[in-house]
**Q** 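Handing you a structure now.
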Amino acid sequence: MRPLPIAHIGILVADLVTSRERWSKVFDGVFSPVSRYRPENWSDFGNPEPHLHDARLTFYIGDNPSIEILEFVGNGTHSPTKGEGGHHLSFPPLEDNEARRQELAELGVRIDGEIRHDNRWIFQFAEAGALNNVYTEWVEEHPDHPDVKDDLSPIGRLPDGTKTLFELETILDLPDGRPDSGIVEIGVVVADLDAAKAMWEAVIGYRFIDDGPASAVAGPFAATIRLIRQEPDGSREGLSYATIADADLESTGRRLQASDVPVTSVISADGLLSRLDVDPAYLNGFGIRFRRP
Ligand SMILES: [Fe+2]
């Protein structure tokens, strides 16, 4: 598989409105108004019969990659039994999702969550079990992706006709487009590091390089993926944290403190503030870390 940059990190939560407020305090930029991705014919392992899947969500304005927060729904891929926290990694739209499906099948990876529309696989989740509790999201561009506002009215369209989940003014105020999120690393906890490296390389095409005895890093793009060996009494497998490069940690620290965000300062050997770690318990079990570029 040709490696692609990560488009967004998906986070699953119990209460979208509360989570959106918290994540908005941590990030220095807006999250889109709550909207829904509402296919009539979703199917997944939990309910293979095509059915309505009414997923409420919000996206962070920062991009490359962005963050998507989704609320529990259904009894399959987005079920409360999955637990809160890191849920999926999404990649830019593919020309041919059928080809991706076949590549995954050759690796023994099944599709758990899919939409067949207009004779195309416009959306597919590769099963989370294949990649240490992380779904990978593969989409095709199509004008009929079922996005609607939270009140089920149509989502906004920019003057050039493209759809957006953001307030129109938010996007029109950004003549150079959405800013970069600054996310430079995504941490994934894995039980078996060697097995994980091999499977991640096969599924997403990144080449992993060992970085110490317990982790491996990969990715030719802005946001790298770090696989981290799970500690014996450690947290669950899966997406664990994202690190944001930040040239002004002091002012970020003051901003977070002013918003009552629980954060731990990491001081380097030379006595400088080198990292700020937001308490994962504040962000649905997912860690956000700010560090010097
Ligand atoms: Fe997504």
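In each ligand, atom 1 is the first atom listed, and ligand 1 is the first ligand listed.
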**Q** Distance-only criterion, 3.5 Å: show the donor-acceptor pairs between side-chain atoms of residues 286-293 and protein atoms not counting sequence neighbours.
**A**
from   : atom 1 : to     : atom 2 : distance (Å)
Arg292 : NE     : Leu273 : O      : 2.9
Arg292 : NH2    : Glu250 : OE2    : 3.2
Arg292 : NH2    : Leu273 : O      : 2.9

**Q** At a cut-off of 2.8 Å, list the protein N/O/S atoms near the Fe ion (ligand 1), residue plus atom name.
**A** His8 NE2, Glu68 OE1, His88 NE2, Glu137 OE1
**Q** Please identify each residue that fulfils side chain to side chain donor-acceptor pair (under 3.5 Å) with Thr264, with sequence neighbours left out.
**A** none
**Q** Side chain of Arg56, backbone of Val34: donor and acceptor closer than 3.5 Å?
**A** no
**Q** Restricting to pairs with a member in residues 161-181, which pass salt bridge (charged side-chain N to carboxylate O under 4.0 Å, His left out), not counting sequence neighbours?
**A** Asp63-Arg178
**Q** Could you tell me if the side chain of Met199 sits less than 4.5 Å from the side chain of Val109, heavy atoms only?
**A** yes
**Q** So which atom in Leu16 and which in Ile69 form the shortest heavy-atom distance, rounded to 0.1 Å?
**A** CD1-O, 3.5 Å
